[in-house]
Engineer: 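One structure, as structure tokens, below. Some questions next.
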Protein chains: 4
Amino acid sequence: MRFRQSLDNALPGQRGPQAATDQSVCLGRMTKEVGMSRRASNLPAPADRGAPAEEPVRRRLLAEATRLFAERGFESTSVQEIVAAAGVTKGAMYHYFGSKDDLLHEIYARVLRLQMERLNRFADAGGPVAERLHAAATDVVVTTVDNLDDSKIFFRSMHQLAPETYRSVRAERRRYHERFRGLVAEGQRDGVFRDDIPAEMVVDFFFGSVHHLGTWYHPDGPLTGKEVGRHFADLLLGSLRP
Amino acid sequence: MRFRQSLDNALPGQRGPQAATDQSVCLGRMTKEVGMSRRASNLPAPADRGAPAEEPVRRRLLAEATRLFAERGFESTSVQEIVAAAGVTKGAMYHYFGSKDDLLHEIYARVLRLQMERLNRFADAGGPVAERLHAAATDVVVTTVDNLDDSKIFFRSMHQLAPETYRSVRAERRRYHERFRGLVAEGQRDGVFRDDIPAEMVVDFFFGSVHHLGTWYHPDGPLTGKEVGRHFADLLLGSLRP
Amino acid sequence: MRFRQSLDNALPGQRGPQAATDQSVCLGRMTKEVGMSRRASNLPAPADRGAPAEEPVRRRLLAEATRLFAERGFESTSVQEIVAAAGVTKGAMYHYFGSKDDLLHEIYARVLRLQMERLNRFADAGGPVAERLHAAATDVVVTTVDNLDDSKIFFRSMHQLAPETYRSVRAERRRYHERFRGLVAEGQRDGVFRDDIPAEMVVDFFFGSVHHLGTWYHPDGPLTGKEVGRHFADLLLGSLRP
Amino acid sequence: MRFRQSLDNALPGQRGPQAATDQSVCLGRMTKEVGMSRRASNLPAPADRGAPAEEPVRRRLLAEATRLFAERGFESTSVQEIVAAAGVTKGAMYHYFGSKDDLLHEIYARVLRLQMERLNRFADAGGPVAERLHAAATDVVVTTVDNLDDSKIFFRSMHQLAPETYRSVRAERRRYHERFRGLVAEGQRDGVFRDDIPAEMVVDFFFGSVHHLGTWYHPDGPLTGKEVGRHFADLLLGSLRP
DNA sequence: TATGAATGAGCCTTCATTCAT
DNA sequence: GATGAATGAAGGCTCATTCAT
């Protein structure tokens with residue numbers, strides 16, 4: 001549940017009640033649609049008490065699939081390995097998911113929803129654009145590091161999605177980039193950022209770095225996600241100085 | 001080794017901008033035609049005598065494999081597809097390559113050799129460290145863009161390599177990073193670069209951006225590789241300002 | 001047993017041609033609505049008391065199974081498809097039927113019962129044997145055409161029955177053939193039919209034609225079942241002329 | 001090889017050289033396209049001496065598939081069973097046939113080609129139409145009985161063919177019927193056959209009988225195929241008497 | 001050098017059926 | 001009566017690889 005904690009802690013302060021409503025609604029939908037991604041940890045999940053078991057099999061399948069796809073790639077992971085890891089049979093998997101591809105697709109949906117949601121909060125917060133950009137950049141690193149498996153899967157396996165799904169994922173991703181680019185462009189208009197480099201390229205530059213965290217970052221290495229995030233944000237902001 | 005010769009021509013310092021343009025064109029052709037790694041055998045390569053046809057079948061196989069791996073991924077490309085694209089039979093492929101994995105491995109070897117070679121030349125050139133870093137950074141972008149398929153394959157399919165090969169590729173890659181990091185550290189020692197961010201992280205930050213060129217750069221888009229390279233190098237140098 | 005009542009009305013002799021037309025309409029509806037075989041259980045069927053809803057779920061399952069088996073074959077029709085078409089769940093199906101095979105078996109039982117019943121009535125009617133044979137032959141065509149799905153299933157899927165069931169269906173079928181053959185043999189003994197061809201073969205000859213109606217007859221084609229029946233009967237009687 | 005013998009014996013006499021050429025050309029094509037269907041007998045095939053082995057694996061697969069499809073139906077026969085019966089592995093089967101459906105399709109192609117060829121010869125022979133029809137009718141029974149497995153498969157499994165293949169098989173079958181119907185219509189025009197029953201229906205009537213031979217005829221029963229053929233032809237001609 | 005038939009392991013998926021509720 | 005999650009056994013098919021020629 002590190003995830004929910006991150007959410008509670010890291011969001012830019014003081015939202016009103018409707019924001020809270022948004023969040024819970026969205027989380028509520030998440031449960032129904034893709035499973036909560038509540039890591040296969042053995043910590044007791046406090047939310048489970050009182051609520052029905054909310055499909056632990058489905059959740060376990062998604063968790064194990066995420067882990068295995070990140071570890072050896074989508075194509076090199078067999079359905080048999082996934083269900084064995086989740087402790088169920090193949091039939092059970094096909095009860096919850098239409099196909100192996102569907103499993104992958106749900107992982108993508110989960111990542112996309114989460115990241116967009118977080119970015120929106122940071123971008124919508126008040127304060128100078130440089131601060132908002134720094135906070136958003138730090139946060140995306142922290143979130144990525146907290147969900148490193150998702151991140152590893154994202155670019156490595158995107159081409160395995162069905163064409164239609166692929167397009168929709170790319171479109172959603174593009175929306176995300178555009179939101180982020182909006183912050184850069186805003187700073188350029190305000191004169192606080194250099195404007196001799198297209199904002200779009202700055203975004204591609206930065207997110208390349210972020211997406212490759214999975215190739216070198218280790219949770220038990222010397223640096224916390226927060227530290228890496230701050231460094232990355234510093235580099236980004238530094239590179240934007242006029 | 002036509003390859004090295006081309007390289008010799010393209011080195012920093014000696015020529016004007018239009019020569020640089022030639023260079024990238026040349027690199028582009030190189031990728032298609034050369035197929036540097038002449039099989040991991042220790043047999044003398046008969047092709048070297050008088051520089052004749054040098055195994056066009058082998059070259060074609062490598063070229064088509066590169067194209068297909070980049071297009072659909074290693075696991076989703078069958079040997080049958082590769083040999084069909086190259087216009088030969090399976091037997092021929094197994095005559096030149098020990099396995100499908102071997103094919104992938106040779107692609108990696110080619111990339112690694114090329115990039116290390118180029119970096120060395122730029123790093124060893126004279127002049128202020130900032131200039132050398134800027135030139136090396138620009139060049140790695142240009143080279144990546146000229147060999148975009150290799151770049152797409154590199155990170156997406158690394159985990160498909162046999163463990164031993166995987167380790168050796170990583171080690172070689174690390175050497176490459178260390179060489180690059182050396183430039184950053186040198187600038188930090190000299191006080192021309194900020195030193196509050198570990199040089200290692202700066203390198204990871206920058207190469208993340210470079211490796212993701214394959215996900216958004218298109219050769220027929222508005223920007224040339226050189227332009228992107230300069231922007232990227234500017235961003236890197238900008239982020240390192242004290 | 002609404003069924004038997006309908007049958008009672010449609011018997012030879014008692015009514016004019018327009019009644020015959022009614023009959024075929026009625027048989028058509030019967031197939032859709034009746035579902036004669038009220039489960040192979042020996043429990044008293046509560047539906048018989050007062051003739052109430054008599055298990056509409058069961059009836060719907062049988063009707064949809066018949067339709068689907070005829071359309072795509074027994075093996076290519078999944079239980080899931082059947083229950084979806086009937087608007088119920090799998091559990092419901094397994095409540096009414098022991099297995100998918102059981103469903104098929106009940107379809108056979110229904111067909112066998114119906115055809116034997118009708119043949120008996122025609123064979124037992126009075127009049128010259130040639131007339132009785134002609135009437136019976138016409139009727140079996142009409143009945144077949146009115147229940148074309150049953151007919152399609154009959155021979156195509158017979159080999160899917162459990163061995164025991166298979167034998168019992170064959171035996172019942174043989175009894176049917178024997179009854180029909182009796183008419184032919186009677187005519188041969190009486191000298192009204194040629195006797196240089198075994199009666200048994202005449203029966204196989206004729207029923208081959210009947211069973212293949214499903215491969216070419218279409219209810220909305222130019223010919224009514226009655227017309228086809230008369231032609232077929234004419235051909236049969238014609239071929240039997242001494 | 002009973003088959004080829006039948007051909008040699010039963011054809012209406014005295015054809016010129018071009019007919020013989022047609023036949024061998026056609027047989028030649030057969031070998032290339034669908035395998036010879038030379039029953040899985042252990043008699044030495046005289047034609048094989050001197051000629052290359054002409055794909056005995058393919059031939060065996062086709063023979064065993066035919067046998068098994070006839071015995072238990074297409075859907076109830078697994079590829080594993082077929083290859084086990086043929087003494088090869090699945091891979092070998094998929095080397096020669098694109099799919100299980102393809103196997104079925106080739107069986108159909110073989111049947112269609114053979115029957116059309118034979119019918120043409122009888123229909124094209126000289127003599128009164130009644131004689132030609134009688135000979136053709138007898139022959140189709142003999143051929144059917146000699147290839148009873150093909151016949152069993154034909155109607156039972158037709159609906160398993162891919163839609164396109166299905167259509168092409170039906171079209172070919174229709175051409176066959178039309179050729180046969182031509183003979184009936186000719187006799188009707190000449191006044192030697194009754195014309196109060198559509199020729200088309202007479203054909204459907206007769207071929208229904210023929211196609212159902214598989215449900216009752218046994219090679220080791222009391223009647224030879226020739227005898228059944230003559231009886232059937234007698235019945236057909238009898239039913240057509242004015 | 002090069003072919004292509006053949007292998008055998010493994011893959012994704014389907015499906016009839018069961019059973020706790 | 002009825003549900004629907006879960007099972008487990010196949011099923012069709014693919015594929016990297018081998019080997020006699």
Side-chain angles (χ1 to χ4, degrees), chain A residues 52-53 55-58 61 74-83 86-103, chain B residues 46 55 57-58 61 74-83 87-104 160, chain C residues 46 55-58 61 74-83 87-104 160, chain D residues 52-53 55-58 61 74-83 86-104:
Chain A
E55 308 179 321
V57 170
R58 182 191 164 84
L61 282 166
F74 176 77
E75 295 279 348
S76 299
T77 304
S78 73
V79 170
Q80 182 52 50
E81 287 170 321
I82 298 168
V83 300
V88 297
T89 61
K90 280 190 211 175
M93 196 218 95
Y94 281 95
H95 180 72
Y96 287 104
F97 300 93
S99 64
K100 189 188 172 191
D101 284 68
D102 195 28
L103 213 37
Chain B
E55 305 177 324
V57 170
R58 181 168 209 281
L61 281 165
F74 176 77
E75 294 280 347
S76 299
T77 304
S78 71
V79 169
Q80 182 53 48
E81 286 170 319
I82 297 169
V83 298
V88 299
T89 60
K90 279 193 215 177
M93 197 217 92
Y94 280 94
H95 179 72
Y96 287 106
F97 300 93
S99 66
K100 189 188 173 192
D101 286 66
D102 194 30
L103 214 36
L104 182 61
Q160 311 286 8
Chain C
E55 304 177 326
V57 169
R58 182 168 208 282
L61 281 166
F74 176 77
E75 293 280 348
S76 300
T77 304
S78 72
V79 169
Q80 182 53 46
E81 286 170 319
I82 297 168
V83 299
V88 299
T89 61
K90 279 193 213 175
M93 197 217 92
Y94 280 94
H95 180 72
Y96 287 106
F97 300 93
S99 66
K100 188 189 173 191
D101 286 67
D102 195 28
L103 214 36
L104 182 61
Q160 311 286 8
Chain D
E55 308 179 321
V57 170
R58 182 190 163 87
L61 282 165
F74 176 78
E75 293 281 348
S76 300
T77 303
S78 72
V79 169
Q80 183 51 51
E81 286 169 323
I82 297 169
V83 299
V88 298
T89 60
K90 277 190 218 176
M93 197 218 94
Y94 281 95
H95 180 72
Y96 288 104
F97 300 94
S99 65
K100 190 189 172 192
D101 284 67
D102 195 28
L103 213 36
L104 181 61

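We name chains A, B, ... by the order of the sequence lines, and we start the count at 1 in each one.
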Engineer: To the nearest 0.5 Å, tell me how far B:E75 CD sits from B:L104 CG.
Structural biologist: 9.5 Å
Engineer: Between D:T77 and B:S99, name the one whose nearest nucleotide on DNA chain F is closer to the 5' end.
Structural biologist: D:T77
Engineer: Calculate, to the nearest 0.5 Å, the distance between atoms OH and CG belonging to B:Y96 and B:L61 respectively.
Structural biologist: 8.5 Å
Engineer: F:dT21 pairs with which nucleotide, Watson-Crick or G-U wobble, both distances below 3.5 Å?
Structural biologist: E:dA2
Engineer: Considering just the side-chain nitrogens and oxygens of C:K90, establish if one lies under 4.0 Å of OP1 or OP2 belonging to F:dG4.
Structural biologist: no
Engineer: Contact between B:V57 and B:H95 at the side-chain level, heavy atoms closer than 4.5 Å - yes or no?
Structural biologist: no
Engineer: DNA chain E: A:G98 or B:V88, which has the more 5' nearest nucleotide?
Structural biologist: B:V88
Engineer: Measuring from the side chain of C:S78 (C-beta onward, heavy atoms only), which nucleotide among F:dT17, E:dA16, E:dT13 has the closest atom?
Structural biologist: E:dA16
Engineer: Applying the Watson-Crick and G-U wobble criteria at under 3.5 Å, what pairs with F:dT14? Answer none if nothing qualifies.
Structural biologist: E:dA9
Engineer: Does C:V88 reach the side chain of C:V83, with side-chain heavy atoms less than 4.5 Å apart?
Structural biologist: yes
Engineer: Considering only side-chain heavy atoms of C:K100, which listed nucleotide, F:dC13, F:dT7, E:dA16, is closest?
Structural biologist: E:dA16
Engineer: Taking the nucleotide of DNA chain E with the closest heavy atom to each, which residue, C:S76 or D:T89, is nearer the 5' end?
Structural biologist: D:T89
Engineer: Considering only heavy atoms from C-beta outward, does the side chain of C:K100 approach that of C:F74 to under 4.5 Å?
Structural biologist: yes
Engineer: Within this structure, what is the CG-to-C1' distance between D:L103 and F:dC13, rounded to whole angstrom?
Structural biologist: 14 Å
Engineer: What is the separation between atom CD on B:Q80 and atom P on F:dC13, rounded to the nearest whole Å?
Structural biologist: 18 Å
Engineer: Could you state the CD-C1' distance from A:E75 to F:dT14, rounded to the nearest angstrom?
Structural biologist: 12 Å
Engineer: Could you tell me the separation between the CE atom of C:M93 and the P atom of F:dT3, rounded to a whole number of Å?
Structural biologist: 13 Å
Engineer: Rounded to the Å, how far apart are C:D102 CG and E:dA16 C1'?
Structural biologist: 13 Å
Engineer: Check the distance between F:dG11's P and D:I82's CD1 and give it to me in whole angstrom.
Structural biologist: 11 Å
Engineer: Rounded to whole angstroms, how far apart are CZ on A:F74 and C1' on E:dC12?
Structural biologist: 10 Å
Engineer: Go nucleotide by nucleotide along DNA chain F from the 5' end; which of B:G91 and D:E81 gets its closest nucleotide reached first?
Structural biologist: D:E81
Engineer: Go through E:dT17, E:dT1, E:dT13 for me and flag the one nearest to the C:Y94 side chain.
Structural biologist: E:dT17
Engineer: Rounded off to whole Å, could you give me the CZ-to-C1' distance for the C:F97 and E:dT18 pair?
Structural biologist: 19 Å
Engineer: Kindly say if B:Y96 contacts the phosphate of E:dA2, meaning a side-chain N or O under 4.0 Å from OP1 or OP2.
Structural biologist: yes
